[in-house]
Protein chains: 2
Amino acid sequence: MARPPLARAKLLDAAITLVRQQGYAATSVEDVCRAAGVSKGAFFHHFADKDAMALAAAARWTEITAPLFASAPYQDAPPGLPRLIAYLDFRKAILKGSTAEFTCFAGTMAQEIHCTSEPIRAAVEHCISSHAATLEADFTLAILTARRPEALTAQDLALHTQVVLQGAFVLAKAQGGPEIAAQSIDHLKRYLTLLLTPETLP
Amino acid sequence: MARPPLARAKLLDAAITLVRQQGYAATSVEDVCRAAGVSKGAFFHHFADKDAMALAAAARWTEITAPLFASAPYQDAPPGLPRLIAYLDFRKAILKGSTAEFTCFAGTMAQEIHCTSEPIRAAVEHCISSHAATLEADFTLAILTARRPEALTAQDLALHTQVVLQGAFVLAKAQGGPEIAAQSIDHLKRYLTLLLTPETLP
DNA sequence: TTCAATACAGACCAGTTGGTATATTAATGA
DNA sequence: TCATTAATATACCAACTGGTCTGTATTGAA
């Protein structure tokens with residue numbers, strides 16, 4: 001090998017940023033190159049085509065977000081419901097900056113390419129479901145100790161959590177601000193509390 | 001005036017269909033013309049530019065969906081919580097066909113143009129919030145008779161309902177099927193029931 | 001019957017798109 | 001030290017993009 005592939009990482013980061021702002025189709029290869037400060041030659045050296053870059057960007061998105069959550073403060077909360085509530089407080093806490101800065105690359109991609117690119121669809125589905133899976137252990141525990149053991153599965157609840165978050169992003173984009181997202185996360189917290197609080201209640 | 005503007009309606013319907021499949025940026029003006037079976041001349045006779053068409057399509061989307069919900073069977077349910085539950089059952093019932101057929105034009109547009117077109121952002125925001133507003137009366141009533149009068153507003157709950165639906169669409173697109181959407185709507189039904197059921201509970 | 005306005009068609013244009021071909025640079029291994 | 005190969009750059013292309021221009025057909029009002 002020659003020098004390390006600097007451009008590749010810069011291209012993926014630029015792509016993720018631009019897609020979160022404008023969407024995938026509206027982001028041209030040249031846009032990405034310009035934002036990354038590299039040439040088109042570098043782009044097509046690292047990626048066969050634009051879709052291959054999208055696939056790599058999905059992988060990079062998980063690479064970025066996974067450690068962010070793995071080292072987040074909510075991991076120190078007691079397992080089960082408390083940690084899930086702490087997770088949602090963390091999700092609220094990171095609703096900072098412009099809409100494009102706190103919304104999800106994977107969700108944005110899913111909206112655009114669900115009909116047109118099966119590989120990308122699968123890749124972003126993996127982004128979302130693998131993140132949801134990190135919550136399953138706590139859901140499993142919370143369900144076990146729950147007061148009302150309605151027929152619930154941890155996977156189902158973990159995915160519903162992502163549904164609320166993705167929907168919160170859509171409404172936040174529509175409204176142009178994060179307020180609705182914070183409110184909806186509060187509703188989700190209340191739902192999980194009502195559903196999974198152990199033992200008695202007033 | 002000469003003959004009625006046939007092409008305009010066909011163009012808007014085609015645009016809505018295509019945007020739900022591919023997104024806005026990926027849908028070219030020619031695509032829309034071809035799908036509508038009219039010429040480019042007709043397109044630019046009716047719309048100043050592509051964005052003007054998007055604005056008109058947002059209005060048309062409300063024109064289509066408003067009567068669909070206004071005449072839906074859930075309107076016959078008793079007011080308050082029962083009607084809200086019936087509403088969500090209706091939303092589940094219309095999760096039929098391909099992903100593009102049951103997902104929301106406004107939500108898709110919001111994801112793509114939130115940073116790039118303020119007028120379109122406002123238009124699709126109106127689509128969503130005006131639909132949410134149709135639920136507010138029932139939420140107001142349900143909150144009044146609710147067992148636990150936590151600080152809730154009807155508007156807030158109505159918007160949270162839309163958050164869950166929009167998020168359900170995103171995950172359905174990512175997964176390539178409606179199952180997750182139905183499950184999340186069930187969670188929302190359970191939440192509203194836990195929160196708003198009047199009087200005592202076991 | 002004429003006339004003006006609306007509704008539509010189709011050719012055309014300049015800019016942009018994704019992608020290629022080719023050249024240059026810089027490390028690595030023999 | 002020198003060939004090889006990865007990494008980056010630049011010029012370029014055909015296809016497509018949003019948008020314009022000009023022309024035509026249909027209609028209602030006078």
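Chain identifiers are assigned alphabetically (A, B, ...) following the order of the sequence lines, protein sequences preceding nucleic acid strands; residue numbering begins at 1 within each chain.
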Are any of the side-chain heavy atoms of [X] and [Y] separated by less than 4.5 Å?
X        : Y        : result
A:Ile64  : A:Ile16  : yes
B:Ile94  : B:Arg91  : yes
A:Arg83  : A:Gln75  : yes
A:Leu157 : A:Leu195 : yes
B:Asp89  : B:Ile85  : yes

To the nearest 0.5 Å, what is the distance between [atom1] on [X] and [atom2] on [Y]?
X        : Y        : atom1 : atom2 : answer
B:His160 : A:Arg190 : NE2   : CZ    : 9.0 Å
B:Leu159 : A:Ile180 : CG    : CD1   : 4.5 Å
A:Glu136 : A:Asp156 : CD    : CG    : 10.0 Å

Within residues 116-124 of chain A, which residues have any heavy atom lying less than 4.0 Å from an atom of DNA chain C?
none
Heavy atom of residues 31-48 of chain A under 4.0 Å from DNA chain C: which residues?
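Heavy-atom cutoff 4.0 Å gives A:Lys40, A:Phe44.
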Closer than 4.0 Å, any side-chain N/O of A:Ser28 to the OP1 or OP2 of C:dT16?
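No, A:Ser28 has no side-chain N/O under 4.0 Å of OP1/OP2 on C:dT16.
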Rounded off to whole Å, could you give me the [atom1]-to-[atom2] distance for the [X] and [N] pair?
X       : N      : atom1 : atom2 : result
A:Glu30 : D:dT17 : CD    : P     : 17 Å
A:Lys50 : C:dT17 : NZ    : C1'   : 9 Å
B:Leu6  : D:dA25 : CG    : P     : 18 Å

Any pair with a residue in residues 99-126 of chain B that passes salt bridge (Lys or Arg N to Asp or Glu O under 4.0 Å), sequence neighbours left out, goes on the list, sorted by first then second residue, please.
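Of all non-adjacent pairs touching residues 99-126 of chain B, those that pass salt bridge (Lys or Arg N to Asp or Glu O under 4.0 Å) are B:Glu118-B:Arg121.
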Residues two or more places apart in sequence or in another chain: which of them pass ring pair (Phe, Tyr, Trp, His ring centres under 6.0 Å) with B:His131?
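B:His131: ring pair (Phe, Tyr, Trp, His ring centres under 6.0 Å) contacts with B:Phe69, B:Tyr87.
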Look at the rings of B:Tyr191 and A:Tyr191 and say which category their plane angle falls in: under 30° parallel, 30 to 60° tilted, over 60° perpendicular.
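B:Tyr191 and A:Tyr191: perpendicular rings.
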Assess whether a salt bridge exists between A:Asp31 and A:Arg34, defined as any Lys/Arg side-chain N lying under 4.0 Å from an Asp/Glu carboxylate O.
yes
Note down the inter-axis angle between the two ends of the helix from C:dT1-D:dA30 to C:dA30-D:dT1, five pairs each, to the nearest 10°.
10°
For DNA chain D, the residues among residues 12-24 of chain B that have a non-hydrogen atom under 4.0 Å from it:
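Listed by number, there are none.
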Just checking A:His126: does its NE2 atom have more than 12 heavy atoms from other residues, nucleotides or ligands closer to it than 6.0 angstrom?
no
